[in-house]
Amino acid sequence: MQEGFISTREALARGDGERVKLRGWVYRKRDLASKVFVVMRDADGVIQCVVDRSKADVAAQASSATIESSIEVEGVIRSDPRAPGGKEVEVEKFNIIGLADDFPIKGGESIDYLLDVRHLWLRSRKLTQIMRIRATVLKALRDHFTSNGWWEVSPPILTQSAVEGGATLFSVDFFGRKAYLSQSAQFYLEVMIFSLERVWSLTPSFRAERSRTRRHLYEYWHLEGEAAWMDMHDMMKFVEGLVKSAVKAVLDERQEELQFLGRNQEPLEETLKSSFAEVTYDEAIERLQRKGVNIKWGDDIGADEERVLTQDERVPFFLTMFPKHLKSFYMKVCDRRPEVALGFDLEAPEGYGEVVGGSQREDRYDVLLQRIKENNLNPDDYQWYLDLRRFGSVPHSGFGLGVDRLVMWITGIDHIRDVIPFPRLRERIYP
Ligand code: NSS
């Protein structure tokens with residue numbers, strides 16, 4: 001199947017007069033009196049293929065190929081400044097492999113309709129560029145863990161108890177008992193650090209979010225890390241390196257895609273050159289008040305406030321040291337200020353907001369038990385989690401990174417549904 005075929009990208013790098021064999025799908029077509037122009041796309045890009053009407057059989061084939069038909073072409077490379085990429089293929093052989101029915105996407109359709117035909121819309125050039133960037137981000141993130149000596153582990157998705165509060169749990173019937181879809185692998189990762197010390201996982205996480213926003217999914221990709229012997233600041237340093245590794249890979253390897261998407265690359269370049277600042281919750285409240293936001297110490301910093309804090313920034317920064325009542329029970333309470341938890345969020349600039357949530361974990365049995373009770377949770381549900389504080393407890397920290405949110409910021413896309421191939425939406429779990 002593979003023999004002799006090259007990609008559009010390779011073809012555009014070939015010299016005039018070279019013979020090439022290509023295959024892909026009909027992206028655009030124009031039938032003129034003397035020529036048939038077919039713009040063919042493949043995973044790498046597009047190339048213009050030209051058939052002269054003097055080759056009557058070949059031209060007839062090209063002419064009958066409908067939009068999105070799969071094709072094979074053979075021909076010779078010619079420079080032409082009018083062609084996309086500056087080169088085209090003078091076609092000598094043209095085969096239709098799969099003739100397409102009338103393609104239902106013609107341009108100008110509503111977002112709603114495009115979601116109905118998501119399985120076809122994923123062929124669009126915009127979504128293709130985003131998926132390529134997404135794959136590069138994922139590879140960079142994985143490589144960063146591996147090259148720093150972290151172990152990948154495989155936590156479950158079916159779980160018994162909440163990590164991030166009962167309000168956003170999806171429940172499932174597990175042979176007559178109630179189970180839940182995982183919100184976070186954190187507690188399982190905490191178990192694993194007692195043998196492997198530094199562990200990570202990449203899994204779907206599920207949140208039955210009440211509100212519909214541009215940055216919430218019901219099923220999203222969650223990259224989580226957990227490590228023994230690391231305090232909050234050690235973990236923040238690691239997260240900074242991790243996020244920079246993804247930004248660097250995209251700048252190095254996905255230039256054409258960023259340009260296609262019209263992404264301003266300056267904030268990404270600045271991110272690589274800067275160190276991420278730490279802004280405490282106390283400072284953030286003051287900043288918000290100075291900007292005229294009606295907020296006081298103890299109030300939650302939500303999506304709207306994050307937008308105010310990040311919209312004029314060009315480099316990610318950490319928000320830290322939150323009032324403990326705003327944060328999950330597992331965060332370690334600060335010794336000096338018992339009303340504060342050792343948590344950190346990484347805020348993406350340019351209005352994007354939170355992409356990472358992490359903390360140092362409460363490693364004292366009594367304090368953790370107390371926090372579970374304060375949060376009206378049943379200690380029986382967390383017995384195994386409490387056990388970790390009974391058998392060789394260790395200072396440790398961890399975080400969860402929303403892969404979709406990171407890709408959203410790096411690509412500069414304004415809605416999270418466009419950075420994941422199959423977003424689950426409330427109106428439709430489709431396809
Ligand atoms: O709720 S988090 O802030 N934190 C946790 O789940 C911790 N238990 C993770 C850990 O320490 N191992 O979620 C972490 C990140 C958050 O910063 C977002 O980037 C992303 O997960 N996140 C989401 N992305 C998309 N859609 C939704 N609904 C969503 N919820 C969280």
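Every number for a ligand or one of its atoms is a count from 1 in the order of the listing. What you see is a predicted model; the values in this text were computed from it and never measured.
- Counting only distance, with no hydrogens or angles, the side chain of Glu197 and the backbone of Phe194 share no donor-acceptor pair below 3.5 Å.
- Residues Arg207 and Tyr218 bring no donor and acceptor atom of their side chains to less than 3.5 Å of each other.
- When the heavy atoms of Tyr220, Phe187, Phe206 are ranked by distance to atom 30 (N) of ligand 1, first place goes to Tyr220.
- Under a 4.0 Å criterion applied to the non-hydrogen atoms of Tyr330, ligand 1 contributes the atoms 7 (C), 8 (N).
- Using a 4.0 Å cutoff on heavy atoms, Asp404 does not count as a contact of ligand 1.
- Considering backbone and side-chain N/O of Gly358, none are found under 3.5 Å from N/O of ligand 1.
- Considering backbone and side-chain N/O atoms, Leu217 comes within less than 3.5 Å of an N/O atom of ligand 1.
- With a heavy-atom cut-off of 4.0 Å, Phe344 does not touch ligand 1 at all.
- Those atoms of ligand 1 with a heavy atom of Arg215 less than 4.0 angstrom away are 25 (C), 26 (N).
- For the residue pair Trp409/Glu350, the side-chain donor-acceptor check at 3.5 Å is satisfied.
- Under the 4.0 angstrom criterion for non-hydrogen atoms, Glu219 is not in contact with ligand 1.
- The shortest N or O to N or O distance between Gly357 and ligand 1 is under 3.5 Å.
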**Report entry** side chain to side chain contact (heavy atoms under 4.5 Å, CB included) evaluation trace for Val50 with Val38
**Finding:** CA-CA 6 Å; Val50 189; Val38 173; over 6 Å; no
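- The aromatic rings of Phe276 and Phe318 sit tilted relative to each other, their planes meeting at an angle between 30° and 60°.
- Contact annotation: for Val356 versus ligand 1, heavy atoms closer than 4.0 Å belong to the backbone alone.
- Annotation: atom 18 (C) of ligand 1 to nearest protein heavy atom, Arg405 NH1, 3.5 Å.
- Residue, atom and distance of the protein heavy atom nearest to atom 12 (N) of ligand 1 are Glu224 OE2, 2.7 Å.
- Between Val163 and ligand 1, a contact under 3.5 Å exists for no N or O pair.
- Defined by atom type and a distance below 3.5 Å, a donor-acceptor pair is present between the side-chain atoms of Glu164 and Tyr330.
- For the ligand labelled ligand 1, residue Tyr218 lies outside the 4.0 Å heavy-atom shell.
- Short contacts between ligand 1 and Ser184, defined as distances under 4.0 Å to a heavy atom of the residue, involve ligand atoms 6 (O), 7 (C), 8 (N), 9 (C), 12 (N).
- Nearest protein neighbour of atom 15 (C) of ligand 1, counting heavy atoms only, is Gly400 O, 3.5 Å.
- Checked against the 6.0 Å centroid criterion, the rings of Phe206 and Tyr180 do not qualify as a close aromatic pair.
- Using modelled atom types, one finds a donor on one side chain and an acceptor on the other under 3.5 Å when comparing Ser7 with Glu10.
- Checking only distances, Glu226 never comes within under 3.5 Å of ligand 1, N or O to N or O.
- Taking each of Glu164, Gln183, Arg207 in turn, the one with a heavy atom nearest to atom 13 (O) of ligand 1 proves to be Arg207.
- Residues Glu278 and His233 have side chains that bring a donor and an acceptor to within less than 3.5 angstrom of each other.
- The protein non-hydrogen atom at the shortest distance from atom 16 (C) of ligand 1 is Glu354 OE2, 3.2 Å.
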Report task. Could you walk me through whether Asp44 and Thr8 pass the side chain to side chain donor-acceptor pair (under 3.5 Å) test, one step at a time? Result -> CA-CA 6 Å; Asp44 279 354; Thr8 53; 5.3 Å; no
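- Of all the atoms in ligand 1, the ones that sit under 4.0 Å from a non-hydrogen atom of Arg361 are 10 (C), 11 (O), 12 (N).
- An N or O contact shorter than 3.5 Å is missing between Ile416 and ligand 1 by distance.
- Residues Phe145 and Trp151 keep their aromatic ring centres 6.0 Å or farther apart.
- Between Phe238 and His144, the gap from one ring centroid to the other is short of 6.0 Å.
- When each of Glu209, Glu306, Glu354 is paired with Arg215, the side chain to side chain donor-acceptor pair (under 3.5 Å) condition holds for Glu306 and for no other.
- Scanning the protein for heavy atoms near atom 19 (O) of ligand 1, the closest one is Val355 O, 2.8 Å.
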